[in-house]
Participant: 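Got a structure for you, written out below as structure tokens; questions coming shortly.
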There are 2 protein chains.
Amino acid sequence: MRDRTPSHSARAGRSAAVSLDIVLCTPHGRHLAVLLAHAPSGDRERWTLPWAPWRGAANDSGVDESAEQCAAAALGLRPAWMTQFGAFGDAKRHPGRAALSVGYAAVTPARERDLPLGAEWFPVTALPAVAPRHKAMIETAVAALRDRMDAAPIAFRLLPTTFTLTDLQEVYELLLGRRVHKASFRRSLQGAYLVEPTDEWRSEGRGRPAQLFRYAPRKRRSGRRGVRFELLGG
Amino acid sequence: MRDRTPSHSARAGRSAAVSLDIVLCTPHGRHLAVLLAHAPSGDRERWTLPWAPWRGAANDSGVDESAEQCAAAALGLRPAWMTQFGAFGDAKRHPGRAALSVGYAAVTPARERDLPLGAEWFPVTALPAVAPRHKAMIETAVAALRDRMDAAPIAFRLLPTTFTLTDLQEVYELLLGRRVHKASFRRSLQGAYLVEPTDEWRSEGRGRPAQLFRYAPRKRRSGRRGVRFELLGG
DNA sequence: TCAATAGTGTCTGTTAGACATTATGGA
DNA sequence: TCCATAATGTCTAACAGACACTATTGA
């Protein structure tokens with residue numbers, strides 16, 4: 001590290017304990033919920049994110065595939081969408097003492113199905129104590145979902161295959177953490193050609209029934225936006 | 001990995017060879033340039049990204065600090081801005097056979113100063129052959145810089161402390177890969193309160209001299225944007 | 001004087017948000 | 001009937017981009 005030409009130095013010989021950690025999210029009323037698993041009884045915290053050690057690309061499966069397998073095991077089925085959001089390797093404690101933890105954010109629709117034993121959903125606003133590194137990872141993961149929901153179909157993957165436009169708007173509000181203007185939201189949505197109506201309607205108590213839609217992106221937007229400056233400082 | 005409750009399984013016992021890899025960028029005419037270092041003579045490719053093995057948080061320095069040290073060693077001074085953009089652990093070959101490579105994107109202004117021996121700038125449009133994993137990392141890093149330049153002062157860190165508005169616009173065009181409207185660009189910039197004028201002017205051949213500005217963010221924008229749908233499919 | 005670049009004022013089309021209105025069900 | 005929710009039309013303010021114009025230097 002002190003060498004001025006690092007690539008001359010050495011092979012990556014010695015190694016570090018690496019974990020893959022999953023922040024799996026689902027809608028839960030007005031908030032997101034995160035999947036946590038019972039920790040072994042010796043642990044300081046009773047709950048942890050689902051995670052798995054990683055020992056290198058063994059059977060041709062890289063980190064991303066291994067993380068998907070870990071998520072599928074924790075949830076009981078494959079998440080609807082998943083992305084890597086960062087590698088954490090600082091002094092913050094990991095439940096498995098991993099030196100480096102690669103974080104994955106994943107989403108799945110709300111389900112009736114039972115979870116595997118020991119797993120449970122917790123609203124992000126009411127999390128139990130978790131290891132400091134897991135706490136940081138959850139915050140980063142939720143921020144990553146919010147930041148990328150305009151460029152990836154995250155909101156649609158948090159919903160079942162058919163949904164009402166109000167459902168969709170509520171998912172956006174839940175992820176963005178703010179209210180959204182209804183007419184404006186629907187205009188934008190229409191212009192983006194992302195959904196198509198089905199011939200089904202859903203009656204939710206009283207009030208006019210809502211039409212069900214499905215995610216069906218049809219057209220690519222030119223996407224030419226003006227230059228935006230959202231800098232806050234530094 | 002096959003266990004349904006992964007956190008019950010084990011500690012992160014066995015380990016993997018981890019590398020930190022730096023995609024260091026600077027402006028170079030109409031394009032970005034990336035810093036590459038001579039590879040050891042036994043290597044298949046003659047050039048590599050600056051990188052360093054990582055063996056775990058030794059002397060209280062986590063991955064991010066270690067990566068900064070690696071970047072500073074390769075450049076001869078600390079980069080002006082730096083961020084992690086992803087962890088790569090698939091079948092693609094790394095020059096040091098690292099199982100997992102954590103990638104960092106960094107920027108620095110164009111300099112007259114000499115580089116450390118063995119290091120050289122290459123335009124991203126004319127890169128020599130590098131290991132497949134490094135090729136993928138360079139592409140991801142440049143995309144990450146483009147994506148985040150509206151939320152982080154990346155363009156300003158690619159410039160010296162004082163610069164003309166045309167300089168700044170050219171950096172935006174270089175990162176975005178498209179032309180930008182001059183009057184519109186300056187209006188947006190004014191509204192964002194990000195720069196302040198100095199009392200210096202620079203004469204560039206003929207034509208009216210341009211005033212020099214410095215980066216001095218003063219105000220936070222409310223930032224309430226409407227919901228955007230930039231999805232392309234999938 | 002001309003050429004070249006800096007910097008600005010005005011117009012127009014697009015769009016986000018506010019507001020109002022109609023539509024359609026259940027209680 | 002009344003109420004709640006869905007869905008949509010209209011107005012306005014903000015803004016991006018086009019265009020034209022002025023300003024100031026060197027050749």
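Every chain is numbered from 1 and lettered A, B, ... according to where its sequence line falls, protein lines coming before strand lines.
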Participant: Side chains of residues 73-86 of chain A: which donor-acceptor partners sit under 3.5 Å, not counting sequence neighbours?
Facilitator:
unit_1, atom_1, unit_2, atom_2, d
A:Arg78, NE, A:Glu68, OE1, 3.4
A:Arg78, NH2, A:Glu68, OE1, 2.6
A:Thr83, OG1, A:Arg148, NH1, 2.7
A:Gln84, OE1, A:Tyr104, OH, 3.4
A:Gln84, NE2, B:Ala87, O, 3.4

Participant: If we ignore angles and hydrogens, is there a donor and acceptor under 3.5 Å between the side chains of A:Ser101 and A:Ser19?
Facilitator: yes
Participant: Here's a test of your reading of the structure: between B:Val227 and B:Phe213, which maps to the more 5' nucleotide of DNA chain C?
Facilitator: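 Nearer the 5' end of the strand: B:Phe213.
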Participant: List in numerical order all residues of residues 201-211 of chain A for which some heavy atom is under 4.0 Å away from an atom belonging to DNA chain C.
Facilitator: A:Gly205, A:Arg206, A:Gly207, A:Arg208, A:Pro209
Participant: Would you indicate whether the side-chain heavy atoms of B:Tyr193 and A:Phe229 approach each other to under 4.5 Å?
Facilitator: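 A side-chain contact under 4.5 Å is absent here.
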Participant: Does A:Val180 offer a backbone N or O that forms a donor-acceptor pair with the side chain of A:Glu173 under 3.5 Å?
Facilitator: yes
Participant: Measure from the side chain of B:Ser184, starting at C-beta and using heavy atoms only, and say which of D:dA16, D:dA6, C:dA6 lies closest.
Facilitator: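 Selected nucleotide: D:dA16.
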Participant: Taking the side chain of A:Thr166 as heavy atoms from C-beta outward, which of D:dA6, C:dA6, D:dA16 is closest to it?
Facilitator: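 My answer, after comparing the listed nucleotides, is D:dA6.
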Participant: Quick one: B:Leu176 CG to D:dG17 P, roughly how many Å, whole number?
Facilitator: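 That distance rounds to 11 Å.
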Participant: Could you tell me how far apart A:Leu168 (CG) and D:dA7 (C1') are, to the nearest whole angstrom?
Facilitator: 15 Å
Participant: With sequence neighbours excluded, tell me which residues meet ring-ring contact (aromatic ring centres under 6.0 Å, His included) with A:Phe122.
Facilitator: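 In terms of ring-ring contact (aromatic ring centres under 6.0 Å, His included), with neighbours along the sequence ignored, A:Phe122 is linked to A:Trp47.
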Participant: Can you measure B:Gln190 atom CD to C:dA6 atom P for me and round it to whole angstrom units?
Facilitator: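 Distance, rounded to whole Å: 17 Å.
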Participant: Give the rounded distance in Å between these two atoms: CZ of B:Arg186 and C1' of C:dG9.
Facilitator: 14 Å
Participant: Tell me whether the count of non-hydrogen atoms from other residues, nucleotides or ligands lying under 6.0 Å of CD in A:Glu204 goes above 12.
Facilitator: no
Participant: Return the value, rounded to whole Å, for the distance between atom NE2 of B:His181 and atom P of C:dC11.
Facilitator: 16 Å
Participant: Please state how far atom OH in B:Tyr172 lies from atom C1' in D:dA16, giving the value in whole angstrom units.
Facilitator: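 For the pair B:Tyr172 OH and D:dA16 C1', the rounded distance is 16 Å.
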Participant: Find the distance B:Lys182:NZ to D:dA23:C1' and express it as a whole number of Å.
Facilitator: 11 Å
Participant: So, OP1 or OP2 of D:dC15: does either fall under 4.0 Å of a side-chain N or O from B:Ser188?
Facilitator: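 Result: no.
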Participant: Does B:Val34 reach the side chain of B:Leu49, with side-chain heavy atoms less than 4.5 Å apart?
Facilitator: yes
Participant: What is the distance, to the nearest angstrom, from the CZ atom on A:Phe185 to the P atom on D:dA7?
Facilitator: 12 Å
Participant: Check whether any side-chain N or O of A:Arg187 sits under 4.0 Å from OP1 or OP2 of C:dT15, and answer yes or no.
Facilitator: no
